[in-house]
Amino acid sequence: MPLRRLYHVCSIVITMATTGCAALLPNSQSTGTSKWETYDAANTSFSTIEPYTTTKHDLASLGLDPTNNANITILNYSDIIRRFIPSSAIASENLDKGIVDCIEAKNACSAYEIDVKSLKKKRSGNFWLDSLNFKRRTETSGWRFTGLVVLRDDLVVYKLSGGQPKIQEAEESRNPLGPFQGFTDSVARQVVK
């Protein structure tokens, strides 16, 4: 009887080792602080902004207040010039009216650069091959919204949006030496020196 139990225990261990325990693999999620849960929600909210109508106060009510939202970078007059006039060959008549108005206002010109994303990373495959660094597969999914709102004093004069409504990526790495791969690479670098 004890030999039979040992056989069952060994077969369970071998089955777990060969099939892998994908549920034990790490997962991660990266989400910026935002009231938007999806790309469409961000885009819909951003589409309500109207140049020469929307004010800084209106932006705050939409959640676009840089003092309360970590996903917003404040750009100054110089940043806007570098972004919209990268060379002297670009004439002001080729720029949007709102950008020209802002640049003419100099220090009264500013902008909010919005960058909101939600990414989920999931490792899949064989637990043992992943844990021992022989083979890793990481799947990334999510979305990213970017926007730019240019203000002259407290009035929005220009807006621009973009981003990636759907992010779907897979990365796979194989290391024939598994956990020793990094060790042999560092030894090789030392030999080359």
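Quick caveat, the model's predicted, so the values are computed rather than measured. Side chains are part of it too, since the values below use all heavy atoms of this structure and drop only hydrogens, waters and symmetry mates.
Scanning both residues, S110 and C102, for their nearest heavy atoms gives N-SG, 4.0 Å. Between G63 and N69, the shortest heavy-atom contact is O-ND2, 3.0 Å.
Annotation: the span from F145 atom CZ to D40 atom CG amounts to 10.5 Å, rounded to 0.5 Å. Remark: T146 OG1 to E113 CD distance equals 8.0 Å, nearest 0.5 Å. Summarising the geometry, atom CD belonging to Q168 is positioned 5.5 Å from atom OG belonging to S141; distances are rounded to the nearest 0.5 Å. In this structure, Q164 CD and Y39 OH are separated by 9.5 Å, a value rounded to the nearest 0.5 Å. Going from atom CD1 of I72 over to atom CG of L148 covers 11.5 Å, rounded to the nearest 0.5 Å. Once rounded to the nearest 0.5 Å, the distance linking CG of L62 with CG of L64 reads 5.5 Å.
Looking at V156 and E50, their side chains never come closer than 4.5 Å, going by heavy atoms from C-beta outward. Using a 4.5 Å cut-off on side-chain heavy atoms (C-beta onward), P165 and W143 make no contact. Under the 4.5 Å side-chain criterion, counting only non-hydrogen atoms from C-beta, N71 is not in contact with W36. No side-chain heavy atom of T140 sits under 4.5 Å from any side-chain heavy atom of E171. Contact annotation: the side chain of I103 approaches that of Y77 to within less than 4.5 Å [non-hydrogen atoms, C-beta and beyond].
Between D79 and R83 there is no salt bridge, since none of the side-chain N atoms of the basic residue sits less than 4.0 Å from a carboxylate O of the acidic one.
Between the side chain of N76 and the main chain of S78, a donor-acceptor pair closer than 3.5 Å is present. Remark: the backbone N or O of F46 is paired with a side-chain donor or acceptor of K159 at under 3.5 angstrom. Put simply, the side chain of S61 gets close to the backbone of D58: a donor and an acceptor are under 3.5 Å apart. In this structure a side-chain-to-backbone donor-acceptor pair under 3.5 Å is missing from S45 to A41.
Counting non-hydrogen atoms of other residues, nucleotides and ligands closer than 6.0 Å to CD of E172 gives a total above 12.
For the side-chain contact (heavy atoms from CB on, under 4.5 Å) test with L151, the passing option among T54, L59, I74, L75 is L59; the others fail.
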May I have the step-by-step check of side-chain contact (heavy atoms from CB on, under 4.5 Å) for I114 and V149, ending in yes or no?
CA-CA 8 Å; I114 300 108; V149 178; 4.1 Å; yes
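Counting only N and O atoms by type, the side chains of D101 and Y52 include a donor and acceptor under 3.5 Å apart.
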